J.: 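Once you've had a glance at the structure underneath, I'll fire off some questions.
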Amino acid sequence: MRCPAPFILKLYEILEEGHDRNRIVSWNKEGTGFVVWLPDEFSELLLPRYFKHNNFSSFIRQLNTYGFKKCATNRWEFQHCKFQNGNRHLLQEITRKKCEPSVFPAFLKASSSEPVCGVVDESSDLLLQENENLRREKLELQMQIDQYKSLHMKLSDSLSQYLGNQNQFRRTC
Amino acid sequence: MRCPAPFILKLYEILEEGHDRNRIVSWNKEGTGFVVWLPDEFSELLLPRYFKHNNFSSFIRQLNTYGFKKCATNRWEFQHCKFQNGNRHLLQEITRKKCEPSVFPAFLKASSSEPVCGVVDESSDLLLQENENLRREKLELQMQIDQYKSLHMKLSDSLSQYLGNQNQFRRTC
Amino acid sequence: MRCPAPFILKLYEILEEGHDRNRIVSWNKEGTGFVVWLPDEFSELLLPRYFKHNNFSSFIRQLNTYGFKKCATNRWEFQHCKFQNGNRHLLQEITRKKCEPSVFPAFLKASSSEPVCGVVDESSDLLLQENENLRREKLELQMQIDQYKSLHMKLSDSLSQYLGNQNQFRRTC
DNA sequence: TGCGTTCTAGAATATTCGCTT
DNA sequence: GAAGCGAATATTCTAGAACGC
């Protein structure tokens, strides 16, 4: 891949231009993510300069599309492991999530609507099912990890609050 | 059904109280829907008075949950056939959308009841082994997660002990 | 289908508003199509009022997407059999061309070109791919766990530093 | 339980770019 | 300034899913 995705590049530029606008949006302390401090001003002033809209929700949708995660409960702070202040070369590793339904659900949809076809024999059918189970279980694993990650975030948040602005506990990933 | 859903009732009251606030949100001309003219003011001033948040997106989510549709491309105008100015008695017909179980699981259940046929060709056999491996490895992942979860609990416990009765960590983590 | 596609509706409205703008764009004599007389003015003045761009080529792309055909060699005149002056009710019959690429995934693409006996092989092949995907995704899970484990360690380290030599966190967490 | 709040994803349309003819 | 199309990204609207009360 040659250069970062357009959205990613624009997002980085918004943060690079900084200065006075840092009251609206800025990198977090560790440079491992960014915070939209004033969503209204961000939407009205900055979004139209870089994109073809001024909707905060559309901006959020793009962040999620590229795998960013909201990492604070009381701020519009987002992180992506490849999105770091000063590491412009990492940007090109941030890619859109494949909506690859992974061949499988699509196939099942098709066969469920046309069961008469019977193009796959029984053993293959069982294998299909087995793989489907594996996929589902892996999703559950993912959920557990995510949930646990959320726990970690809350713990960090509470710590920062309790210990004041010594935000050494803010997540560094 | 006795009375309208809480959300629906609050939405109606917001519009009923009208007066000066009509510059922020109001019924449309025909009284067949409503327009949020100033989303920022709406979110900051009105939402907290009626709900436990000030997020416009959460408000939108509720509208969709109850079947409202956005009906203009350049305004935040929403309609629901049972939501009309002056027809308060219709409100109780506005209900949450039920999440249908989707055809998908049904299909899997059906095919899972089939017995193993016995005739399995070579490639399918390999696939079976492969799946077994995947299953085992996933178990190991699960163990790691559980172990890590335990670590997190110990950390939280130690924290609440050390920090005294500021049990914010037991509560939130 | 309820209402016309947004693009179609906007196109019709552009022509309805007529008057002085007819020197820029208008219905043809018979009302069976329309002519963009002045592409530059059209792009600069009218497009931004209705769309999120001012590119004539993007406008053309949309026309083609909905099945309009250029029907003159020396003018920007386009026609679609369902797009006629005065017949607003026909607009909803104008739909996008490509219909079902998402409904017909890899499996059906493969099986559509192969006879039944080949289909099983294809499906086994897809199963192989599927297992490969599962393996890869599980690796990603492992990476997430490892990364998270590292975070936990950092948090513990910071805590024991901040809280002094009460190394209960290093020992137990 | 059902409802509300939050974060993320699905799905359809829109915009851009480049290829084919 | 030829015309049309495939594909990738962008924008919009709605829904899924987890969780708390």
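Predicted model, so just to flag it, every value in this text is computed and none were measured. In the text below, chain A, chain B and the rest are named by the order of the sequence lines, each starting its count at 1.
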J.: Can you tell which of F7(C), W27(C), F34(C) makes a ring-ring contact (aromatic ring centres under 6.0 Å, His included) with Y12(C)?
T.: W27(C)
J.: Tell me, which of residues 42-59 of chain A have any heavy atom that sits under 4.0 Å from an atom in DNA chain D?
T.: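 K52(A) - these, ordered by number, are the residues of the stretch whose heavy atoms sit under 4.0 Å from the strand.
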J.: For L47(A) and N55(A), run side chain to side chain contact (heavy atoms under 4.5 Å, CB included): C-alpha distance rounded to whole Å, both residues' side-chain angles, the deciding distance at 0.1 Å, then the answer.
T.: CA-CA 8 Å; L47(A) 283 184; N55(A) 299 312; 5.7 Å; no
J.: Could you walk me through whether T65(C) and R61(C) pass the side-chain hydrogen bond (donor to acceptor under 3.5 Å, both in side chains) check?
T.: CA-CA 6 Å; T65(C) 296; R61(C) 184 71 191 89; 3.1 Å; yes
J.: If the cut-off is 4.0 Å, is K97(C) near the phosphate of dC5(E), judged by side-chain N/O to OP1 or OP2?
T.: yes
J.: Which residue, I8(C), L11(C), I94(C), L91(C), forms the side chain to side chain contact (heavy atoms under 4.5 Å, CB included) with H80(C)?
T.: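 Of all the options given, the one that passes is I94(C).
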J.: Would you find a donor on one side and an acceptor on the other, under 3.5 Å apart, between the side chain of K82(C) and the backbone of Q84(C)?
T.: no
J.: Donor-acceptor pair, distance only, cut-off 3.5 Å: does the side chain of K10(B) make one with the backbone of Y50(B)?
T.: yes
J.: Do Q62(A) and R96(A) come close enough that some side-chain heavy atom pair is under 4.5 Å?
T.: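 Yes, at least one pair of side-chain atoms sits under 4.5 Å.
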J.: With nearest nucleotides of DNA chain D determined for K69(A) and I8(B) from heavy-atom distances, which residue corresponds to the more 5′ nucleotide?
T.: I8(B)
J.: Tabulate atom names and distances for all N/O pairs under 3.5 angstrom spanning the protein and nucleotides 18-21 of chain D.
T.:
none

J.: Whole angstrom is fine here: how far is it from CZ in F7(A) over to C1' in dA8(E)?
T.: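 So the two atoms are 16 Å apart, to the nearest Å.
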J.: Taking the side chain of P6(A) as heavy atoms from C-beta outward, which of dA10(E), dT14(E), dA3(E) is closest to it?
T.: dA10(E)
J.: Select from T65(B) and N64(A) the residue whose nearest nucleotide in DNA chain D is closer to the 5' end of that strand.
T.: T65(B)
J.: Has Y66(B) got a side-chain N or O lying under 4.0 Å from the OP1 or OP2 atom of dC3(D)?
T.: no
J.: Specify the residue among T73(C) and I60(B) whose closest nucleotide of DNA chain E lies further upstream toward the 5′ end.
T.: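 Result: T73(C).
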J.: Sort out for me which residue in Y66(B), F68(B), F42(B) forms a ring-ring contact (aromatic ring centres under 6.0 Å, His included) with F59(B).
T.: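 Only one of Y66(B), F68(B), F42(B) forms a ring-ring contact (aromatic ring centres under 6.0 Å, His included) with F59(B), namely F42(B).
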